Structures are given as structure tokens and as C-alpha cells.
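Predicted model, so just to flag it, every value in this text is computed and none were measured. Proteins get letters first, then strands, A, B, ... in listed order; numbering begins at 1 in each.
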Number of protein chains: 2
Amino acid sequence: MARKTSDSTVRRLSRYLRRLRKLDAQDRKVVSSRELAETTGTTAAQVRKDLSHFGSFGKRGQGYSVGDLRVHLEEILGLDHRWTVAVLGIGKIGSALLGYGYFTERGFDIAAAFDSDPSKIGSELGGVRIQPLNALEEAFREHRISIAIIATPVEAAQDAASRAVSAGARAILNFAPIKLSLPEGVALREMDVTLELEGLCYLVTEASTPADGPE
Amino acid sequence: MARKTSDSTVRRLSRYLRRLRKLDAQDRKVVSSRELAETTGTTAAQVRKDLSHFGSFGKRGQGYSVGDLRVHLEEILGLDHRWTVAVLGIGKIGSALLGYGYFTERGFDIAAAFDSDPSKIGSELGGVRIQPLNALEEAFREHRISIAIIATPVEAAQDAASRAVSAGARAILNFAPIKLSLPEGVALREMDVTLELEGLCYLVTEASTPADGPE
DNA sequence: ATGTTCTTGTGATTCACTTCACAAGCGGGA
DNA sequence: TCCCGCTTGTGAAGTGAATCACAAGAACAT
Ligand SMILES: NC(=O)c1ccc[n+]([C@@H]2O[C@H](COP(=O)([O-])OP(=O)(O)OC[C@H]3O[C@@H](n4cnc5c(N)ncnc54)[C@H](O)[C@@H]3O)[C@@H](O)[C@H]2O)c1
Ligand SMILES: NC(=O)c1ccc[n+]([C@@H]2O[C@H](COP(=O)([O-])OP(=O)(O)OC[C@H]3O[C@@H](n4cnc5c(N)ncnc54)[C@H](O)[C@@H]3O)[C@@H](O)[C@H]2O)c1
């Protein structure tokens, strides 16, 4: 079964799942592609195409069973089990992540936190003890950590990421504004606030250029 | 001049600019599309296509002048002047943003911060005083704030965003995991950590399905 | 001048994602 | 049983972005 699902499809699937979990909590039994589309910001046809890529989960004339589709999506996305995560760099962003309660209920456990600053080591945040970098390899092995979140200063980010990968990380979520180079096969996503802000600037600027009138 | 630049192009332009600023600081005079591509994670042809959409800034056989191209990109992206930003919700994420020194050197000034918690109001963080929500309209007017960053709990996000828009915000950067509905013409970008994490889970899961062998 | 080398700018092409449109199918009512 | 309203699943068509490939041009050496 040769998958080749695009990033944008995966992002939408995540959104559908988020919605389905909410509907499930509200005891809704079925949902149509139209409703799912409206509440996640896409089109009904897109929803059906996305899902049809993995199987046919709906009933014609009726819609999708909220519970069933939820389970299917969790399986497709690999969210049918919990994931163990490590955070590297417990500064402003790292601390915020350790204190973010929502991760747990979404299936992510922050199992370890690392910092190079001796004065931070040993203290606890969000129930996680901050460890020195030399404890990294063992912690990754012990907790079978597969995802590392990089929240170090930009100069340290590449080293931190490489080390996490050597220790067994198979995916990196990077908060530092730098292009990481990682070995083939390691997944990478970026959270780049400045990049997004600059994108907004472009849109605002473009929208207010008086140069071109309507049409 | 009918622009219709795609999001992905704008994102790349931001990356080029980031690189150019660094090269400029290092006193590099010229750069080729090839080098720019390699250091930003794309292809030379893509770099040239992106730029050619706005004009021809290079010299054949030589490459691009770092300084000139930098200025052009700043102008294209609307980064040839400073932008004033407000943060709504000064909790874990909001505090991290107020303390993020890098914004200033990238042309963004956080001019105002708002929170609904009376115990936070009046205190200062990163040189910005936290204000009550009822000061929002005046502050937006006074500082001509056009970008609002939403860092409130998810339940408060829609209200906060709507209020910012009414007060004059033309762009929203949203950290809350919810689909905001905003009037036409207001730009929106999302920072959704959980969505990115879930995307990573999919990639890791997919990469390790033993089902399909190589090719 | 002429040739050589290098790199841009850009039509043409390929590729991938989105939208369209409709047959297939389900449930309910008469 | 047959019909009707509704929604899915999916080929086909449409759209837009990425890649290719090469002529045009710039500098420099001879
Ligand atoms: N604060 C923000 O709002 C914000 C916004 C966008 C991006 N970022 C990026 O996120 C990253 C972290 O930002 P921050 O504001 O939390 O920085 P910070 O300075 O508050 O924290 C960085 C932490 O990393 C630790 N550290 C340094 N070197 C390390 C190493 N080699 N291994 C492990 N830990 C190490 C430091 O001791 C410190 O505790 C930076 O790359 C920054 O550019 C931050
Ligand atoms: N902490 C994280 O690492 C993290 C990660 C991803 C996403 N988020 C999202 O970012 C948002 C903020 O998260 P946080 O962890 O900083 O939360 P938080 O609870 O630490 O802070 C929220 C702040 O918003 C304030 N607030 C509440 N209602 C408000 C209103 N109507 N107007 C203005 N301020 C209001 C609260 O007083 C509080 O100070 C949430 O939506 C969260 O889901 C947080």
C-alpha cells in the first residue's frame, strides 16, 4: 500500500480528528462531510477525497459514524497509542511546553527535559525533572522517546537536534529559526513565529497597496 | 500589478531574506540562486522563479547583490518599516513572546499586552506593561497596532480575536488550537504545536510500517 | 575581437492537489 | 415494492505550483 499522502492532507486529517473528538465528547453519532468541512475550514469534496484515500468509512445517504471515523483516523495518523516526547532547552518556550496541560489529553507525554544550564538542572517543571545533556542518551533509550522538541537558542539547535537523532529520535519539532539538516528518514516540522509574522506583514501590505483597483 | 503570490512562495521569500540579512552582516556582496537555495532548503530554479515574479534583480553570470536583493525583498514583504504588535493573553506562551528579544531586531515591536486576570495587570514583562482588556481599543488606536497575537486559552480565543479586529487589527497570529472565523480581508496564520506533533506521528508511523518493502 | 565560463530569467513541461459532477447506495415512507 | 431525498465515493477535469532546459547576457582572459 504505497502511501504518499501530502503534508496538507495530513494536516487536514488532524483537524478532522480534533473535530471528531469534540463531537464524540458531545455524544454526536454521525457527521456529514459537509459539516466536517465547514467546521474545519475546507470543502465537503475535499473531506471525502482525503478519507477515500484510506478506505471508505461512511454510509451513503447518512454520513460518517463519529466514533468509527475517529478510530480510523487515530489509526491512520498513528495516534492510536501514546507518544513519548523530550524537550531540549528549558527556557521561555521550553517551560511553556512543559506546563502545557493539553498535551497529555492529546496523547503526548513529555517524558524528559534537558538543559545545559547547571542552575536549571534538578528542578522540576510540570512534573518533569530537568536533566543535564549527558543523561540524554539513556533517557531516550529508557523511555523509548521518538520525538524531540528543540527549544534551545538558535546556535545550539543543530547540535541538540543531531544529538537527539543519534540517541534515537525519529522526528524533530524545531522552534529555533534555523534550517536544521537531519539524516534522511528523520521527520521535521518547524514552528517559526517570525516567519509567520512576516507572512502576515506581506498579506497586510499587499491588501493595502492602492496600485491595483478591484479586479 | 495583480499579485497572487502563494503562501509557500511568501514563506520562501522570508527565508531568503533571513539568509540575506545574515550574509549582509558578514559583508558578503553577491550570492547565487544556487547558494541561496542550498542554504534555505529549496532549488536554484525555485529561487529564481520566486524572485522573477517581482522583477529581475540579478546579474547574469554573477548572481544577486546581497544588499540590493535584501532591500527588494524587504520592500516586497512589507518589512521596509517596523510593525507594531499586541499580545492578548499573557500566560505561559504570551510571557515567552514578551521576553523574546529577537522580535525587535527583526522589525517587530510589541507595543501592548493584555490579560483578563486582574492579578497580572500592571506588572511589566519584557518592557511592556500588562493592561486590562478595556484598554485595548485605545492602545490599538494610539500605537496603530495592526497585528494581534492570540495567546489566550482556547475558549477565549475567538472573542479576543474578534475584539482585536474591531479595534483595528488587520492580521492575527493564533496560538490557540481552534479555527477562528474572521471577517474577509483579515489575514490569519496559525501556530498549532499539537497539529505539528500529530503530523510528525504520521510520518514516523508511515516510515515504519513494515507492510510495503522498498519500492 | 573572440571565446570561455558562469549564472540569470523564463517559456514549456511535468507534476500534484483541488474541484467538479454524477452514479452508486442507504434509509424511510407510501 | 417502488420511489424519493440525501450523502458518499470517485473518475474526470481543472488549476496552480515546481521543475526543466536553454537562450540571453555579463565578466574576464587572450
Ligand atoms: N521566546 C519566544 O517567544 C520564542 C519565539 C520564537 C522562537 N523562539 C526560539 O525558541 C528557542 C528558545 O527560545 P527561548 O526564548 O525559550 O530561549 P531561552 O534563552 O529562554 O531558553 C533557551 C534555553 O536553552 C538552554 N540551552 C542552551 N544551550 C543548550 C544546549 N546545547 N542544550 C540544551 N539546552 C541548551 C539554555 O540554558 C536556556 O535555558 C530559540 O531558538 C528562539 O529563537 C522563541
Ligand atoms: N503553553 C504551551 O506550551 C502551549 C502550546 C501550544 C498551544 N498553546 C495554546 O496557547 C494558548 C495559551 O496557552 P498558555 O499555556 O500560555 O495558557 P495560560 O493559561 O498559561 O495563559 C492564558 C492567559 O490568558 C489569559 N486570559 C484568559 N482569558 C482572556 C481573555 N479573554 N483575554 C485576555 N487574556 C485572557 C489568562 O489570564 C492567562 O494569563 C492556549 O490556547 C493554548 O492552547 C499553548
Exercise answer: donor-acceptor pairs, residues 63-70 of chain B side-chain atoms, under 3.5 Å, sequence neighbours excluded:
{"from": "B/Ser65", "atom 1": "OG", "to": "B/Asp68", "atom 2": "N", "distance (Å)": "3.1"}
{"from": "B/Arg70", "atom 1": "NE", "to": "B/Glu74", "atom 2": "OE2", "distance (Å)": "3.1"}
{"from": "B/Arg70", "atom 1": "NH1", "to": "B/Asp24", "atom 2": "OD2", "distance (Å)": "3.2"}
{"from": "B/Arg70", "atom 1": "NH2", "to": "B/Glu74", "atom 2": "OE2", "distance (Å)": "3.4"}

Report task. Flag the pair A/Val30 / A/Gln62 as yes when at least one side-chain heavy-atom distance between them is below 4.5 Å, and no otherwise. Result -> no

**Report entry** pair A/Trp83-B/Thr205: side-chain heavy atoms closer than 4.5 Å
**Finding:** yes

Taking N or O atoms only and anything under 3.5 Å, show me the protein contacts with nucleotides 19-21 of chain C, one pair per line.
{"from": "C/dT19", "atom 1": "O4", "to": "A/Lys49", "atom 2": "NZ", "distance (Å)": "3.3"}

Query - pair A/Leu79-A/Phe108: side-chain heavy atoms closer than 4.5 Å - result: yes

Query raised in the report: Which is true for B/Ser8 with a 4.0 Å heavy-atom rule: it touches a base, it touches only sugar-phosphate, or it touches nothing?
Result: sugar-phosphate

**Report entry** Spacing of A/Leu197 atom CG and B/Arg106 atom CZ [to the nearest 0.5 Å]
**Finding:** 10.0 Å

Query raised in the report: Between D/dA17 atom C1' and B/Asp50 atom CG, what is the distance in whole Å?
Result: 10 Å

Query raised in the report: Do A/Phe57 and A/Leu73 touch side chain to side chain, with heavy atoms closer than 4.5 Å?
Result: no

Query raised in the report: According to a strict under-4.0 Å criterion, is A/Arg34 in side-chain N/O contact with OP1 or OP2 of D/dT8?
Result: no

Query - Approximate separation, where rounding is to 0.5 Å, of A/Ser14 OG and B/Leu195 CG - result: 4.5 Å

Pairs under 3.5 angstrom, nitrogen or oxygen only, protein versus nucleotides 25-29 of chain C, please.
{"from": "C/dG25", "atom 1": "N2", "to": "A/Gly61", "atom 2": "N", "distance (Å)": "3.3"}
{"from": "C/dC26", "atom 1": "O4'", "to": "A/Arg60", "atom 2": "O", "distance (Å)": "3.2"}

Report summary line: note: A/Asp7, atom CG; D/dA18, atom P; distance rounded to Å ~ 13 Å

